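A quick note: this is a predicted structure, and the numbers were derived from the prediction, not measured. For the numbers below, each heavy atom of this structure counts, side chains included, while hydrogens, waters and symmetry mates do not. Heads up: numbering here begins at 1 and tracks the sequence.
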Amino acid sequence: LVDFTSRKNTIEEIMEVTTKPIILDGDTGGKSEHFVHNVKTLERLGVSAVIIEDKTGLKQNSLFGTAVKQTQDDPHAFAAKIAAGKKAQNTRDFMIFARIESLIAGKSMEDALERADIYLEEGGADGIMIHSKEKDGSEIFEFMKRFREKWADVPIILVPTSYNQFTEEELAEAGANIIIHANHLTRAAYVAMRDVANKILECHRSKEADDMILPIKEVLTLIPKE
């Protein structure tokens with residue numbers, strides 16, 4: 001439900017307080033002509049990379065897996081979208097990552113690897129993100145092993161929400177370059193707000209919640225004056 005204008009505003013707010021690289025979740029990228037425009041905008045804003053996934057239709061969280069309908073795009077059409085985005089860049093620095101949803105959609109390992117080849121060879125993608133909801137990580141490790149046999153230097157992004165028993169070092173040893181902890185801070189913030197609210201309701205005042213929250217003086221100095 002978050003439109004691109006809202007995301008653009010968030011990016012600008014982030015850029016006010018940091019110069020760290022930003023990787024944007026671009027969902028499916030939308031229509032090719034829209035994606036081309038968005039790539040130009042993101043590059044101008046200072047975003048370092050965008051990830052787009054090879055699904056179509058309404059957004060469905062990948063961790064639902066086959067419990068909800070997950071429809072993948074035609075691989076050649078998706079590669080053409082990536083190619084259009086790459087052509088729209090003004091510099092060589094901006095990166096487009098292709099997120100492969102084959103394992104989420106219940107398709108074969110071969111399908112995932114074939115799509116990776118198409119997105120890199122036809123689309124000119126700068127890297128691959130492979131996603132899986134399986135908790136033992138076996139799919140991810142098999143994909144990386146087989147992928148690295150052909151593509152030794154192409155960056156791979158992992159989002160180990162389901163298989164978070166593995167350390168970043170273990171995933172890097174297996175061939176991963178970027179690890180994204182996708183939503184943990186948002187989920188932690190919800191728990192904190194819920195617990196403080198319950199404490200206030202329970203005690204009819206906020207004093208008992210003082211040790212659960214950031215002191216107001218620290219809030220006022222979060223953003224340096226210089």
Side-chain angles (χ1 to χ4, degrees), residues 20-29 47-79 81-82 85 95-188:
K20 296 291 187 184
I22 293 178
I23 302 175
L24 183 85
D25 179 359
D27 294 329
T28 65
V47 171
S48 298
V50 63
I51 304 171
I52 58 172
E53 60 187 85
D54 59 356
K55 289 196 297 191
T56 60
L58 294 175
K59 175 70 176 177
Q60 296 278 8
N61 191 290
S62 294
L63 296 184
F64 281 124
T66 54
V68 298
K69 187 175 182 180
Q70 306 276 3
T71 305
Q72 276 185 288
D73 200 352
D74 174 82
H76 301 286
F78 188 71
K81 183 189 297 185
I82 295 170
M95 302 179 74
I96 299 176
F97 284 84
R99 170 172 159 176
I100 300 172
E101 293 288 285
S102 298
L103 304 180
I104 292 290
K107 294 186 179 179
S108 66
M109 183 65 62
E110 283 66 30
D111 183 83
L113 291 163
E114 288 171 7
R115 284 175 176 270
D117 289 343
I118 292 170
Y119 302 158
L120 292 168
E121 292 169 352
E122 294 183 17
D126 297 291
I128 295 295
M129 174 180 157
I130 185 65
H131 209 15
S132 172
K133 66 179 182 63
E134 298 303 321
K135 296 183 181 299
D136 63 4
S138 58
E139 283 185 337
I140 291 296
F141 284 96
E142 180 184 350
F143 177 90
M144 288 195 292
K145 181 178 182 297
R146 295 177 62 179
F147 180 86
R148 284 288 178 234
E149 291 172 357
K150 181 174 182 179
W151 304 97
D153 300 319
V154 172
I156 296 180
I157 295 178
L158 299 182
V159 184
T161 306
S162 296
Y163 49 96
N164 60 6
Q165 68 270 32
F166 299 104
T167 66
E168 294 169 355
E169 291 76 14
E170 289 172 319
L171 296 174
E173 180 67 24
N177 302 98
I178 300 173
I179 309 300
I180 296 177
H181 301 287
N183 46 39
H184 293 73
L185 298 185
T186 302
R187 289 157 63 188

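Contact check for K135 versus N164: no side-chain heavy atoms found under the 4.5 Å cut-off. Y163 is listed as a side-chain neighbour of L171, based on a closest heavy-atom distance under 4.5 Å. Residues P160 and I179 meet the side-chain proximity criterion, which asks for heavy atoms closer than 4.5 Å. Annotation: side chain of E53 is not in contact with side chain of Q72 (no heavy-atom distance under 4.5 Å). Two residues are said to be in side-chain contact when any heavy atoms from C-beta on lie closer than 4.5 Å; I178 and L158 fail this criterion. Residues V50 and I23 form no side-chain contact, since every pair of their non-hydrogen atoms from C-beta on lies 4.5 Å or further apart. Counting heavy atoms from C-beta on, the side chains of D117 and F147 never come closer than 4.5 Å. With contacts defined as side-chain heavy-atom distances shorter than 4.5 Å, the pair D111/M109 does not qualify.
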Begin from the C-alpha positions of R115 and E110 and carry the test salt bridge (Lys or Arg N to Asp or Glu O under 4.0 Å) through to its verdict.
CA-CA 8 Å; R115 284 175 176 270; E110 283 66 30; over 6 Å; no
Verdict with reasoning, I52 to F97, per side chain to side chain contact (heavy atoms under 4.5 Å, CB included)
CA-CA 6 Å; I52 58 172; F97 284 84; over 6 Å; no
Test side chain to side chain donor-acceptor pair (under 3.5 Å) applied to E101 and H131, step by step
CA-CA 6 Å; E101 293 288 285; H131 209 15; 5.1 Å; no
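Looking only at distances, no side-chain donor or acceptor of E134 sits under 3.5 Å from a matching main-chain atom of I140. A side-chain donor-acceptor contact under 3.5 Å links D25 to the backbone of D27. For E170 (side chain) and T167 (main-chain N/O), a donor-acceptor pair under 3.5 Å exists by modelled atom type. Judged by distance alone, with hydrogens and angles left aside, the side-chain atoms of D74 form a donor-acceptor pair with the main-chain N or O of A77 at under 3.5 Å. Here the side chain of N177 pairs a donor or acceptor atom with the backbone of I156 at under 3.5 angstrom. Here the side chain of R99 pairs no donor or acceptor atom with the backbone of T28 at under 3.5 angstrom.
In this structure, F166 and G137 approach most closely via the heavy-atom pair CE1-CA, 4.0 Å. Across all their heavy atoms, L120 and A125 have their closest contact at CD2-O, 3.4 Å. Of all the heavy atoms in A79 and E122, the pair that sits closest is CB-CB, 3.9 Å. Nearest heavy atom pair, residue I82 against residue A98, reads CD1-CB, 3.7 Å. Heavy-atom minimum distance, V159 versus M129: CG2-CE, 3.2 Å. Nearest heavy-atom pair across A116 and F143 is CB-CZ, 4.3 Å.
Note that the NZ atom of K55 and the OG1 atom of T71 stand 9.0 Å from one another [nearest 0.5 Å]. Atoms CD1 and CD1, from I100 and I128 in turn, are 4.0 Å apart once rounded to the nearest 0.5 Å. In this structure, the separation between CD on E139 and OG on S132 is 4.0 Å, given to the nearest 0.5 Å. We find the OG-CG distance between S48 and L24 to be 11.0 Å, quoted to the nearest 0.5 Å. Taking CD1 of I130 as the start and CD1 of I104 as the end, the distance is 8.5 Å to the nearest 0.5 Å.
Under the 30°/60° scheme for interplanar angles, the aromatic rings of H181 and H184 are found to stand perpendicular.
Ion pairing between a basic and an acidic side chain is recognised when a charged N comes within 4.0 Å of a carboxylate O; E121 and K150 show such pairing.
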